[in-house]
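These numbers were taken from a predicted model, which means no experiment stands behind them. Excluded from the calculations below are hydrogen atoms, water molecules and symmetry mates; all remaining heavy atoms, backbone and side chain alike, are included.
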Amino acid sequence: MSFPTREERSKCWAARDKYWECLDKNSSADKDEKTNVCVEFRKLYEQSCTAQWVKHFDRKRNYLMFKEKIEKDGYEPLDSLK
């Protein structure tokens, strides 16, 4: 596997940003509806980026969303773990 060129990286990042923007714009929609609205952006994202990068960026987005939620709402431990 060769490392992507500058052009390929830029194309990947642009596709990722468009997909994430679609998800953010449709954040009030339920998960299935959001997936349907953004499906074309997801396809472009997966075509433009290597599978490893898609996995990395998806995990990064999930982490950033989790971090934002914790900063906004605070952390409350589960009672069952006491």
Side-chain angles (χ1 to χ4, degrees):
M1 178 177 84
S2 63
F3 195 76
T5 64
R6 177 182 288 181
E7 184 179 305
E8 291 169 331
R9 290 191 307 269
S10 294
K11 183 179 177 184
C12 171
W13 295 332
R16 174 205 61 195
D17 292 345
K18 286 180 185 176
Y19 175 60
W20 284 12
E21 184 179 332
C22 178
L23 293 176
D24 291 341
K25 283 182 181 177
N26 296 289
S27 62
S28 62
D30 68 9
K31 187 175 180 178
D32 291 335
E33 185 178 330
K34 187 187 309 184
T35 303
N36 290 336
V37 170
C38 301
V39 71
E40 291 303 317
F41 290 108
R42 178 69 188 196
K43 286 179 185 177
L44 180 63
Y45 168 48
E46 290 178 348
Q47 291 170 355
S48 301
C49 301
T50 64
Q52 286 179 310
W53 284 29
V54 169
K55 182 177 178 180
H56 167 75
F57 290 140
D58 287 348
R59 292 177 75 187
K60 181 177 180 177
R61 178 174 169 79
N62 288 337
Y63 169 73
L64 292 173
M65 291 174 61
F66 171 76
K67 183 179 170 185
E68 183 179 315
K69 183 179 184 300
I70 293 297
E71 289 172 350
K72 179 181 163 194
D73 300 334
Y75 171 76
E76 292 201 22
L78 297 174
D79 290 336
S80 63
L81 297 177
K82 289 182 180 180

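- Remark: R6 engages R9, S10 in a side-chain contact (heavy atoms from CB on, under 4.5 Å) (not counting sequence neighbours).
- Of all non-hydrogen atoms in N36 and V39, the two that sit nearest each other are O-CG1, 3.4 Å.
- Listed by first and then second residue, the salt bridge (Lys or Arg N to Asp or Glu O under 4.0 Å) pairs that reach into residues 44-54 are R42-E46, sequence neighbours excluded.
- Of all heavy-atom pairs spanning C22 and V37, the tightest one is SG-CG1, 4.0 Å.
- Contacts of C49 classified as side-chain contact (heavy atoms from CB on, under 4.5 Å), with partners at least two apart in sequence or in another chain: C12, Y45, W53, V54.
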*Checking salt bridge (charged side-chain N to carboxylate O under 4.0 Å, His left out) for the pair K43/E40: CA distance, chi angles, key distance, verdict?*
CA-CA 5 Å; K43 286 179 185 177; E40 291 303 317; 3.7 Å; yes
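- Remark: L64 engages K60 in a side-chain contact (heavy atoms from CB on, under 4.5 Å) (not counting sequence neighbours).
- With sequence neighbours left out, the side-chain contact (heavy atoms from CB on, under 4.5 Å) criterion links K67 to Y63, E71.
- The side-chain hydrogen bond (donor to acceptor under 3.5 Å, both in side chains) pairs that include a residue from residues 13-22 are E21-K25, where partners are two or more places apart or lie in different chains.
- Atom-to-atom distance recorded for K72:NZ and E68:CD is 7.5 Å, nearest 0.5 angstrom.
- Atom OG1 in T50 sits 10.0 Å away from atom NE2 in H56 (nearest 0.5 Å).
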